[in-house]
Amino acid sequence: MKRFFKALYMSFGMFCAVPLPFKIWDDASTNLMLPMLPIVGGFVGVLWWGAARVLILTGMHIALASAIFMLIPFLATGFLHLDGYMDTSDAILSRRPLEDKLRILKDPNAGAFSVIMLVVLFIIQFAASFSVLENGRHFALLIVITVVSRCCSGLSGLCLKTLEQSGYANMFRQGTGILHKICLTVIAMLAFVVAYFIAGFYGVIVAAFTVAGFAGAMAYVYLDLKGVSGDLMGFALVISELCGLVALSVIWR
């Protein structure tokens, strides 16, 4: 149980930007960090849901409210996954040989492709956020989206071949087994059940689009780069949550 709480604290420290009172790191608990991702996702989702409620209550103009709303998941994670999204976009869209793509993936500088893809992401995210706030229904599905996306991220880190240059991904896999994968799978299934109770079949659609977005994005980059890394997981997670948000924005029309 002590290792469980250490891993949870470490996961919040690494994957969430909320300040913590002190630092904890225990190498023996790192194998539990990926199964902790859905809990971190649940916290991010609660912040996202709370922000939606507060923004609606303030009576703020919907355009400004949407701009703030769309940034909440990025702010809550310190733009960690957005960094992976941009790095991966630069590597994939360079259309160079594999060795060059892997070098670009490690390059801390932002290239033209990452900036272009960031603009595309923000345009779609803003439009979907505008629609979600305008509809004003079933904001609790935002929590489902952030939990399911991180279940997918954790499973990809545990199940797929990692890139040799990915130190973090390899570190998190040490000492993991079938129970870790089952844990993430069960949490994802429970999230689907919760989505059904929140909004019926439409809630399941939102959760399914979240999974489909992650699976499609991860398959694309995994096949191109021949492995998975933290950056690739961040890329797929951002796409996943965007797909869930878009689904939430259109199913009530």
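Below, each value reflects all heavy atoms present in this structure, side chains not excepted, and no hydrogens, waters or symmetry copies.
Judged as a side chain to side chain donor-acceptor pair (under 3.5 Å), and not counting sequence neighbours, the contacts of Asp224 are Lys101. Contacts of Ser149 classified as side chain to side chain donor-acceptor pair (under 3.5 Å), with partners at least two apart in sequence or in another chain: Glu241.
Contact detail for Met218 and Ser156: the closest heavy-atom pair is CE-OG, 3.9 Å. Residues Pro38 and Pro35 share a closest heavy-atom pair of CD-O, 3.2 Å. In plain terms, the two heavy atoms of Ala112 and Asp90 that are nearest each other are N-OD1, 4.0 Å. Closest approach of Ala195 and Ala207 over heavy atoms only: CB-CB, 4.4 Å. In terms of heavy atoms, Ile239 sits closest to Gly213 at CG2-O, 3.7 Å. The two residues Cys151 and Leu184 have their closest heavy-atom pair at SG-O, 3.6 Å.
The side-chain heavy atoms of Val206 and Ile198, taken from C-beta on, include no pair separated by under 4.5 Å. Using a 4.5 Å cut-off on side-chain heavy atoms (C-beta onward), Val147 and Val194 make no contact. At least one side-chain heavy atom of Val211 sits less than 4.5 Å from a side-chain heavy atom of Cys152.
For Phe69 and Trp48, the ring centers sit closer than 6.0 Å to each other. Centroid-to-centroid, the aromatic rings of Phe201 and Tyr196 stay 6.0 Å apart or farther.
One hydrophobic cluster, built from ILVMFWY side chains closer than 4.5 Å, holds both Leu75 and Val18. Hydrophobic clustering (ILVMFWY, side-chain heavy atoms < 4.5 Å, transitive): Phe15 and Leu47 are in one cluster. One hydrophobic cluster, built from ILVMFWY side chains closer than 4.5 Å, holds both Leu93 and Leu98. Note on Leu71 and Val120: same hydrophobic cluster, where clusters join Ile, Leu, Val, Met, Phe, Trp and Tyr whose side-chain heavy atoms are under 4.5 Å apart, directly or indirectly. One hydrophobic cluster, built from ILVMFWY side chains closer than 4.5 Å, holds both Phe235 and Leu158.
Between the OH atom of Tyr220 and the CD1 atom of Ile92 there is a distance of 6.0 Å, given to the nearest 0.5 Å. Put simply, CZ on Arg150 and CG on Leu155 are 14.0 Å apart, with the number rounded to the nearest 0.5 Å.
Checked against Val54 for a side chain to side chain contact (heavy atoms under 4.5 Å, CB included), the options Thr58, Leu57, Ile56 give a single hit: Thr58.
Heavy atoms of other residues, nucleotides or ligands lying less than 6.0 angstrom from CZ of Phe139 number more than 12.
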Test side chain to side chain contact (heavy atoms under 4.5 Å, CB included) on Met117 and Leu121; report intermediate values, then the result. CA-CA 6 Å; Met117 289 298 290; Leu121 171 70; over 6 Å; no
As a quick check of understanding, evaluate side chain to side chain contact (heavy atoms under 4.5 Å, CB included) for Ser129 and Leu133, giving each step before the final call. CA-CA 6 Å; Ser129 297; Leu133 293 183; 5.5 Å; no
For the pair His180 and Leu32, evaluate side chain to side chain contact (heavy atoms under 4.5 Å, CB included) and give the outcome as yes or no after the intermediate values. CA-CA 8 Å; His180 297 75; Leu32 296 176; 3.8 Å; yes
Show the numbers, then the answer: is there a side chain to side chain contact (heavy atoms under 4.5 Å, CB included) between Leu245 and Ile124? CA-CA 10 Å; Leu245 188 66; Ile124 300 174; over 6 Å; no
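In terms of modelled atom types and a separation under 3.5 Å, the side chain of Tyr222 and the main chain of Lys161 share a donor-acceptor contact. Remark: side-chain polar atoms of Ser89 are not paired, donor with acceptor, to backbone N or O of Ser114 under 3.5 angstrom. Proximity of a side-chain donor or acceptor of Ser11 to a complementary backbone N or O of Met33 within less than 3.5 Å is detected. Side chain of Ser240 to main chain of Thr210: a donor-acceptor pair is present (N/O by atom type, distance under 3.5 Å, no hydrogens or angles). Listed for the His138 side chain is no donor-acceptor partner under 3.5 Å among the backbone atoms of Ala140. Between the side chain of Asp231 and the backbone N or O of Asp87, no donor-acceptor pair lies under 3.5 Å.
Cluster partners of Val119 are Ile123, counting Ile, Leu, Val, Met, Phe, Trp and Tyr whose side-chain heavy atoms approach within less than 4.5 Å, directly or via other members.
Classified by interplanar angle (parallel below 30°, tilted 30° to 60°, perpendicular above 60°), the ring pair Phe74/Phe122 is tilted.
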